[in-house]
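Report on the following structure.
A quick note: this is a predicted structure, and the numbers were derived from the prediction, not measured. Order of appearance sets the numbers: ligands from 1, and atoms from 1 within every ligand.
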Amino acid sequence: MEKMITNVKGLQGTVAVPGDKSISHRAIMFGSMAEGKTTIENFLAGDDCLSTIACFRKLGVEIAQDGTSVTVEGKGVKGLKQSDTILDVGNSGTTIRLMSGILSSLPFETTLEGDESIAKRPMTRVVQPLREMGAVIEGREDGKYTPLTIKGGTLKGITYTLPVASAQVKSAILLAGLQANGKTTVIEKEKTRNHTETILQMFGGNIVSDGNAITVEGGQSLQATSVTVPGDISSAAFFLAAGAIVPNSTICLKSVGLNETRTGILDVLKNMGATMTIKQTNAPDAAEPIGDITISTSNLKATAINGSIIPRLIDELPIIALMATQADGTTVISDAKELKVKETNRIDTVVSELSKLGADIVATEDGMIIKGKTSLNGGEVTSYGDHRIGMMLAVAALICPEEVTLHDAEAINVSYPNFFEHLHQLMQK
Ligand SMILES: O=C(O)C1=C[C@@H](OP(=O)(O)O)[C@@H](O)[C@H](O)C1
Ligand SMILES: C=C(OP(=O)(O)O)C(=O)O
């Protein structure tokens, strides 16, 4: 249990948020499948991406990690070897779902499992299409849940329409498709984050996006490259919110990834009337567009969040809910059922913990309704082991006049190990 910083009079300064989690995972995965030495800079050394490194080491890949610098000695996808122990994905949904795709095409058996949260998350969404491609997958309740045992081998390409908007499912199928016979096409009704597509091309892979259909040809070999990971906009979101809701604040977030499949949070901030500027910048080897975002204390107004923007801000909905408590009017979040199958049921955990602090917030079947502006007071809250809930509550505490204690604060290490250090720096300025 940790005591949070409360009743803050202002936040000033600049933060370089850590590297993007989605891109860091993919850089390790593609580096492990490529031929040659891949170097990664600004890697996110958070627990989830460290789980991905540990899994590939067990498959025989030499990976050296020194803080945020990583080198991967790739020997091609055929160089991956059977592990003599189970692969532990920890808390990371991205690791288990994307690796299931890779392992489906490899001629050996692997068992994957993770923590208590992973054990509750749905796996059928990847198991079903991968079985259709020819992989033999066993798991609890017929592959609905972990542990998953994957017997990979020769796969056939498929055309698959995603039943849920999920970049993890899209990526698992495309990764399997890279080694399958023929073409594999994934059709998405709503556009999800496209890092698999962009990073694959950096490693020399071919991929064609035609409207909502994304196609890879099987039998591709990949070449090592250098990747500089952009700052994670999903981590920046916590300081964007802090800058907007804490009085007397101006915060600049440096070198944040601005891939438009991820920038829904910036659209929401604009709609809410935030005082914010975005300046595109350039960095050599940057995997994707980046920029600096400056935000100041703002008079926020309520908004409606639904439809195709949801996949572009899915991980930001907990912190958006907090901002909505400080906005004038009623904010309605809908079409966001996917929140129920994240590290926690994020509709339930956001509603229960913000209510404890004094928010006027109710859960709906596919989102939440938040009435603002309310003053938050203080209280005893928990992350339930969910990093994004933990950081949202730490930001909420900043505007609470009374004491706030947070249980399970260490979950924040999953995606932002130096979160509290960065928060302290903004207070000292
Ligand atoms: O592909 C990825 O890197 C991710 C995709 C999203 O999950 P879904 O694919 O389940 O929507 C997101 O919530 C997760 O944090 C990372
Ligand atoms: C949902 C998340 O990650 P994952 O699915 O990789 O566990 C997240 O980081 O918010």
Side-chain angles (χ1 to χ4, degrees), residues 18-30 44 46-52 55 89-101 112 114-126 129 146 162-175 186 188-200 214 229-230 232-235 237-238 257 259 261-262 264-265 287-288 309-320 335-347 349-350 383-392 411-416 419:
D20 188 88
K21 177 159 76 73
S22 294
I23 295 177
S24 295
H25 282 302
R26 285 159 174 83
I28 298 295
M29 292 180 187
F30 284 121
L44 169 62
D47 290 347
D48 271 15
C49 299
L50 295 176
S51 294
T52 293
C55 288
V89 304
N91 187 244
S92 176
T94 308
T95 307
I96 193 163
R97 302 225 178 85
L98 271 60
M99 287 197 76
S100 296
L112 297 147
D115 67 6
E116 269 172 41
S117 158
I118 282 290
K120 292 188 204 139
R121 296 180 68 182
M123 294 299 148
T124 310
R125 50 180 62 198
V126 285
T146 57
L162 293 183
V164 281
S166 163
Q168 293 178 2
V169 179
K170 170 178 68 175
S171 301
I173 299 167
L174 293 173
L175 286 164
V186 178
E188 42 181 14
K189 292 175 218 153
E190 253 150 27
K191 206 161 171 47
T192 63
R193 67 188 66 194
N194 62 359
H195 306 298
T196 297
E197 295 92 308
T198 58
I199 310 301
L200 172 64
I214 304 131
V229 181
D232 196 328
I233 193 166
S234 298
S235 299
F238 296 99
N259 174 324
T261 63
R262 295 286 299 283
I265 175 79
E288 294 188 355
I309 199 171
I310 297 291
R312 296 178 56 233
L313 47 64
I314 187 73
D315 294 342
E316 287 64 79
L317 287 169
I319 191 68
I320 288 171
D335 301 327
K337 266 207 181 100
E338 276 295 299
L339 285 177
K340 295 185 177 180
V341 292
K342 298 297 180 186
E343 283 81 331
T344 56
N345 176 334
R346 287 180 178 163
I347 296 180
T349 50
V350 166
S383 75
Y384 294 99
D386 184 333
H387 54 131
R388 301 215 191 270
I389 302 300
M391 285 185 276
M392 180 276 285
I412 291 171
N413 291 331
V414 158
S415 64
Y416 202 156
F419 173 76

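Annotation: side chain to side chain donor-acceptor pair (under 3.5 Å) contacts of T344 (sequence neighbours excluded): T349, D386. Applying the salt bridge (Lys or Arg N to Asp or Glu O under 4.0 Å) rule to K120 yields no partners; only residues at least two apart in sequence or on another chain are considered. Qualifying ring-ring contact (aromatic ring centres under 6.0 Å, His included) partners for F30, counting only residues two or more places apart in sequence or in other chains: F203.
The shortest side-chain heavy-atom distance between V350 and I389 falls under the 4.5 Å cut-off.
For ligand 1 and A167, the ligand atoms under 4.0 Å from any heavy atom of the residue are 1 (O), 9 (O). Atom numbering of ligand 1 starts at 1 in the shown order; those under 4.0 Å from a heavy atom of T94 are 2 (C), 3 (O), 4 (C), 16 (C). Counting the atoms of ligand 1 from 1 in the order shown, those under 4.0 Å from a heavy atom of I314 are 13 (O). Every atom of ligand 1 with a heavy atom of S166 under 4.0 Å away is listed here by number and element: 8 (P), 9 (O), 10 (O), 11 (O).
Using modelled atom types and a 3.5 Å distance limit, the side chains of K170 and T192 yield a donor-acceptor pair. For the residue pair S166 and R97, no side-chain donor N or O sits within less than 3.5 Å of a side-chain acceptor on the partner.
Closest heavy-atom approach to atom 2 (C) of ligand 1 within the set K21, R26, K170: this belongs to R26. Comparing K342, Q168, R193 by heavy-atom distance to atom 11 (O) of ligand 1, the nearest is K342.
Between the D20 side chain and the I23 main chain, a donor and an acceptor come within less than 3.5 Å of each other. For the pair D232 (side chain) and K21 (backbone), a donor-acceptor distance under 3.5 Å is present.
Residue V169 places no N or O, backbone or side chain, under 3.5 Å from any N or O of ligand 1.
D315 OD2, 3.4 Å is the protein heavy atom nearest to atom 12 (C) of ligand 1.
Contact residues for ligand 2 (protein heavy atom closer than 4.0 angstrom to any ligand atom): K21, N91, S92, G93, T94, R121, Q168, D315, K342, E343, R346, H387, R388.
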Before you tell me yes or no, could you show the steps for D315 and R193 under salt bridge (Lys or Arg N to Asp or Glu O under 4.0 Å), namely the whole-Å CA-CA distance, both residues' side-chain angles and the distance that decides it to 0.1 Å? CA-CA 11 Å; D315 294 342; R193 67 188 66 194; 3.5 Å; yes

Go through it in stages, so that I can follow the logic: the residues are R121 and E343, the test is salt bridge (Lys or Arg N to Asp or Glu O under 4.0 Å), and I'd like the CA-CA distance, side-chain angles, deciding distance and then a yes or no. CA-CA 8 Å; R121 296 180 68 182; E343 283 81 331; 3.7 Å; yes

